[in-house]
J.: 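Got a structure for you, questions after.
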Number of protein chains: 2
Amino acid sequence: MVPQRFEIIRGTPLFADVSDESFEILTRGAYIQNFPPNMEMITEGEPADFLHIVENGCVELFCQWSGRESSITTLYHNSTFILAATIKNRPYLMSARTLQKSRVVMIPSEDVRSVFGADPDFAIAIVDELSRCYRATIRNMKNLKLRTSLERLGNYILKLHRRQGNTLTIELPIEKRRLASYLGMTPENLSRGLNSLKAHGVEVQGQQILIEDLEALTKFAKPDYLID
Amino acid sequence: MVPQRFEIIRGTPLFADVSDESFEILTRGAYIQNFPPNMEMITEGEPADFLHIVENGCVELFCQWSGRESSITTLYHNSTFILAATIKNRPYLMSARTLQKSRVVMIPSEDVRSVFGADPDFAIAIVDELSRCYRATIRNMKNLKLRTSLERLGNYILKLHRRQGNTLTIELPIEKRRLASYLGMTPENLSRGLNSLKAHGVEVQGQQILIEDLEALTKFAKPDYLID
DNA sequence: GCCTACAATTGACATTTATCAATTAAATAG
DNA sequence: CTATTTAATTGATAAATGTCAATTGTAGGC
């Protein structure tokens, strides 16, 4: 008998194929927590005691060193983090904070590891999820190392364009300062970058972005299916 | 009966725990290839038909976009690549070339996927390997986004120092231009960077690097166990 | 609705990094 | 061993990016 409250994550790829028995074990020690916005829920270096799943809201993974900070990715509905640390029983490499009011499922890492050893279907789902995350990170790395900040910005806008149903009026999903950090640039530079993209058919008004010339932007940004 | 020629990879973590039966299936369709130095063996975008294992020699993973190229990592004895593409049955995201004469074991991806589904021990080993690679990539990313090129260089030297048994006389394992690419800088910049590090106790002579003041270098580079 | 916080923008400037060209050093083939 | 190719270095300069300070814009609390 799986408690009602965990039914939502049952539908995510990571749990879709596990047996009821496994799911029962996974949720037995699990709990759900509601976080306010801007709350640091995980700090890098800490032991990975729980696998986290964002049920709703928005969570940013970021890292720090020597007084600097950088945003790595932003997670939404049904995303898991941080699986690799949980599996390997190693400390988190990234910190996590909520950007909005968020509801997060937390499953004890021990239970994840034991079910993972006992349920081949869960093991397969984990491999799938890890591969997906790994490949996403490699793409991110290529983006960073092969492109200038302006090219990254252009491709980010094109990615939003595709994700938001090929519309030409785009809504930025996160604050500009966080976007800047994600793209590996300063907020000032992002601001100037958005201005520079006017020359390639991009208009900006607050959180709204209008692609006035998709062809020009595409020609400039050169999106690539092995990166974007 | 496992052919003698595959006994070497039997000892690697990925294959150590698989049953003889599984190993037999994995090696049945496998073969070993000897590559000359500087041979591109994999090109990004191609289908991932084989899991590769470097038996000996040295292989560089790199990527390209819009006429630019960047080195992602260098693999040595017993390293696998590129597991995630094999598992997900997706195209390679990186290219691979030999840096030296190398001997590489190639296992058909189909066999990897089928054994992975049938042998839980192999699945566990794969999860372990994927987690390891994923975390290594995250560290790499943090290194790139949180540090200047000079700090990356300093920490690279410190990492070699540790890897080579805490000796103060260090041997660069790869060409400087590839190191530059790996560190996300130009060869010219690397050259100047090495000169700048003189101020922090580093002497360079060709492929040899001498740490004259370990404390000064450490103080400058600030190595971090969550990055390095 | 107004005040207050904070985010975003802009300008001036500094620093970092890349590019181009020329030279020197090192590795390799014959 | 020498000739030839390629890598590494150096100097001069350009471009990209970051920093600091000031201003403008915006969202949320009261």
Side-chain angles (χ1 to χ4, degrees), chain A residues 36-38 58 60 65-71 97-101 143-154 156 171-200 202-209 220-221, chain B residues 36-39 58 60 65-71 97-101 143-154 156 171-200 202-209 220:
Chain A
N38 207 30
C58 180
E60 176 187 44
W65 179 80
S66 192
R68 297 168 212 165
E69 175 178 322
S70 185
S71 178
R97 72 161 70 90
T98 52
L99 297 186
Q100 307 166 5
K101 189 167 168 303
N143 193 32
L144 271 172
K145 291 190 77 176
L146 291 168
R147 289 174 171 158
T148 66
S149 64
L150 202 57
E151 289 165 340
R152 294 197 292 275
L153 179 55
Y156 179 82
E171 183 84 16
L172 286 182
I174 52 174
E175 289 173 294
K176 284 183 184 163
R177 65 196 177 117
R178 293 189 204 280
L179 174 57
S181 181
Y182 170 71
L183 293 173
M185 57 206 290
T186 58
E188 294 95 327
N189 228 346
L190 172 63
S191 201
R192 287 184 250 268
L194 285 169
N195 280 324
S196 305
L197 284 185
K198 278 181 186 165
H200 304 286
V202 175
E203 276 305 316
V204 185
Q205 262 197 345
Q207 296 282 104
Q208 300 273 2
I209 292 181
F220 168 74
Chain B
N38 206 30
M39 161 115 298
C58 180
E60 176 187 44
W65 179 79
S66 191
R68 297 168 212 165
E69 177 179 320
S70 184
S71 179
R97 72 160 72 90
T98 52
L99 297 186
Q100 307 166 5
K101 189 168 169 301
N143 193 32
L144 272 171
K145 290 190 79 176
L146 291 169
R147 288 172 172 161
T148 66
S149 64
L150 202 57
E151 289 165 341
R152 294 197 292 274
L153 179 55
Y156 179 82
E171 182 85 17
L172 286 182
I174 52 174
E175 289 172 292
K176 285 182 183 164
R177 64 196 178 116
R178 295 189 203 280
L179 174 57
S181 181
Y182 169 71
L183 292 174
M185 56 205 293
T186 57
E188 293 94 327
N189 229 347
L190 173 62
S191 199
R192 285 184 252 268
L194 285 169
N195 279 325
S196 306
L197 284 184
K198 277 181 187 166
H200 304 284
V202 175
E203 277 303 317
V204 185
Q205 263 197 346
Q207 296 283 105
Q208 300 273 2
I209 291 181
F220 167 74

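Per chain, numbering begins at 1; letters A, B, ... match sequence-line order.
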J.: For G193(B), answer base if it contacts any base atom (sugar-phosphate contacts may also be present), sugar-phosphate if it contacts only those atoms, and nothing otherwise; contact means non-hydrogen atoms under 4.0 Å.
T.: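 Answer is nothing: G193(B) stays at 4.0 Å or more from every strand.
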
J.: Which heavy atom of P37(B) sits nearest to which heavy atom of L99(B), and what is that distance?
T.: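 Closest pair (atom of P37(B), atom of L99(B), distance): CB-O, 3.8 Å.
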
J.: Quick one: on DNA chain D, does I174(B) or T186(A) contact a more 5' nucleotide (nearest heavy atom)?
T.: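 Nearer the 5' end of the strand: I174(B).
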
J.: Identify the nucleotide, in any strand shown, that forms a Watson-Crick or G-U wobble pair with dT26(D), with both distances under 3.5 Å; if there is none, say none.
T.: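 Partner of dT26(D): none found under 3.5 Å.
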
J.: At a heavy-atom distance below 4.0 Å, which nucleotide of DNA chain D is the first touched by chain B, and which is the last?
T.: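 Extent of the interface on DNA chain D: dA7(D) to dA12(D).
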
J.: According to the Watson-Crick and G-U wobble definitions, with both distances under 3.5 Å, which nucleotide is paired to dA5(C)?
T.: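 Paired with dA5(C), as far as the under-3.5 Å criterion goes, is no nucleotide at all.
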
J.: Shortest non-hydrogen contact from Y156(A) to L172(A)?
T.: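 So the minimum-distance heavy-atom pair works out to CE2-CD2, 4.1 Å.
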
J.: So which atom in R152(A) and which in R147(A) form the shortest heavy-atom distance, rounded to 0.1 Å?
T.: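 Taking every non-hydrogen atom into account, NH1-O, 2.8 Å.
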
J.: Can I get a per-line list of side-chain donor-acceptor pairs under 3.5 Å for residues 178-190 of chain B, giving both atom names and the distance, sequence neighbours left out?
T.:
residue, atom, partner, partner atom, Å
R178(B), NE, E175(B), OE1, 2.9
R178(B), NH1, E60(B), OE1, 3.2
R178(B), NH2, E175(B), OE1, 3.3
S181(B), OG, S71(B), N, 2.7
T186(B), OG1, N189(B), N, 3.2

J.: For the side chain of Q208(A) and the backbone of Q205(A), is there at least one donor-acceptor N/O pair under 3.5 Å apart?
T.: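 Between the backbone of Q205(A) and the side chain of Q208(A) there is no qualifying donor-acceptor contact (under 3.5 Å).
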
J.: Got a second to check how far L153(A)'s CG is from H200(A)'s NE2, nearest 0.5 Å?
T.: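 Reported value, rounded in 0.5 Å steps: 10.5 Å.
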
J.: I want to confirm an ordering. Mapping G206(A) and R192(A) to their closest nucleotides on DNA chain D, which one lands closer to the 5' end?
T.: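 Between the two, 5'-proximity favours R192(A).
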
J.: Indicate syn or anti for dA7(D), taking the glycosidic torsion and treating anything within 90° of 0 as syn.
T.: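 Classified anti.
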
J.: Tell me the closest heavy-atom pair linking E151(A) and L146(A), and the distance in Å.
T.: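 Reported closest heavy-atom pair: OE1-O, 4.3 Å.
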
J.: Walk along DNA chain C from 5' to 3' and tell me the first and last nucleotide with an atom closer than 4.0 Å to a non-hydrogen atom of chain B.
T.: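 Footprint of chain B along DNA chain C, 5' to 3': dT17(C) to dC20(C).
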
J.: Do the side chain of K176(B) and the main chain of G206(B) share a donor and acceptor less than 3.5 angstrom apart?
T.: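 Judged by distance alone, yes, a pair lies under 3.5 Å.
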
J.: Under 4.0 Å, heavy atoms only, any strand: does E175(A) hit a base, just the sugar-phosphate, or nothing?
T.: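 E175(A): backbone/sugar contact only, no base atoms under 4.0 Å.
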
